[in-house]
A.B. asks: 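Have a look at this one before I ask anything.
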Amino acid sequence: MSVAGYTGMARIYAAPQEKTKGDADGDKLIAAMKGLQFRESERPVMIDPETRDIIQTVYYRRAEERNGKLYNIEFRPDQECQGSGK
């Protein structure tokens, strides 16, 4: 959660700086963030311009024992997974 919180705040800070020239008006800020693409923890993320939902790759992993140790093994990336808390 802390990484997601940091990333969210970084986007809120960066959007007006880059696209609105420092104007933090709410409507201008939301407009500036629509379609925004960035990397979060080395994963590509985009804000859907229509719904404002996050679109990102979700990596599915399973724990497997190898040589007596447990490892997280990625077995399927789900490209452009759109999550909605609505």
Side-chain angles (χ1 to χ4, degrees):
M1 288 300 273
S2 62
V3 172
Y6 173 82
T7 301
M9 291 307 295
R11 293 301 105 208
I12 290 170
Y13 174 78
Q17 300 300 320
E18 296 167 1
K19 293 189 176 184
T20 66
K21 308 287 191 258
D23 187 346
D25 174 72
D27 292 332
K28 290 179 184 177
L29 178 60
I30 289 172
M33 293 179 77
K34 288 182 179 180
L36 184 67
Q37 296 183 24
F38 55 95
R39 296 189 70 77
E40 174 188 73
S41 302
E42 298 306 314
R43 296 181 297 196
V45 177
M46 184 181 104
I47 299 175
D48 187 296
E50 304 275 324
T51 64
R52 294 181 276 175
D53 288 337
I54 293 288
I55 299 173
Q56 64 184 352
T57 301
V58 175
Y59 297 92
Y60 296 94
R61 295 182 171 95
R62 65 176 157 252
E64 287 185 10
E65 186 172 344
R66 294 186 178 179
N67 299 322
K69 294 183 180 180
L70 290 176
Y71 291 91
N72 283 318
I73 306 300
E74 181 181 308
F75 65 94
R76 187 187 84 190
D78 187 358
Q79 302 291 329
E80 297 186 5
C81 181
Q82 186 166 356
S84 178
K86 298 176 188 170

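Only heavy atoms go into these numbers, but all of them, side chains included; no hydrogens, no water, no symmetry mates.
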A.B. asks: Using every non-hydrogen atom in the two residues, find where Asn72 and Arg61 come nearest and quote the distance to one decimal.
C.D. replies: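 That would be CB-CD, 3.9 Å.
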
A.B. asks: If I compare all heavy atoms of Phe75 with all of Arg62, which pair ends up nearest, and what's the gap?
C.D. replies: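 Heavy-atom minimum between the residues: CG-NH1, 3.2 Å.
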
A.B. asks: So for atom CD, which belongs to Glu50, do other residues, nucleotides or ligands contribute more than 12 heavy atoms lying within a distance under 6.0 Å?
C.D. replies: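 Not more than 12 within 6.0 Å, no.
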
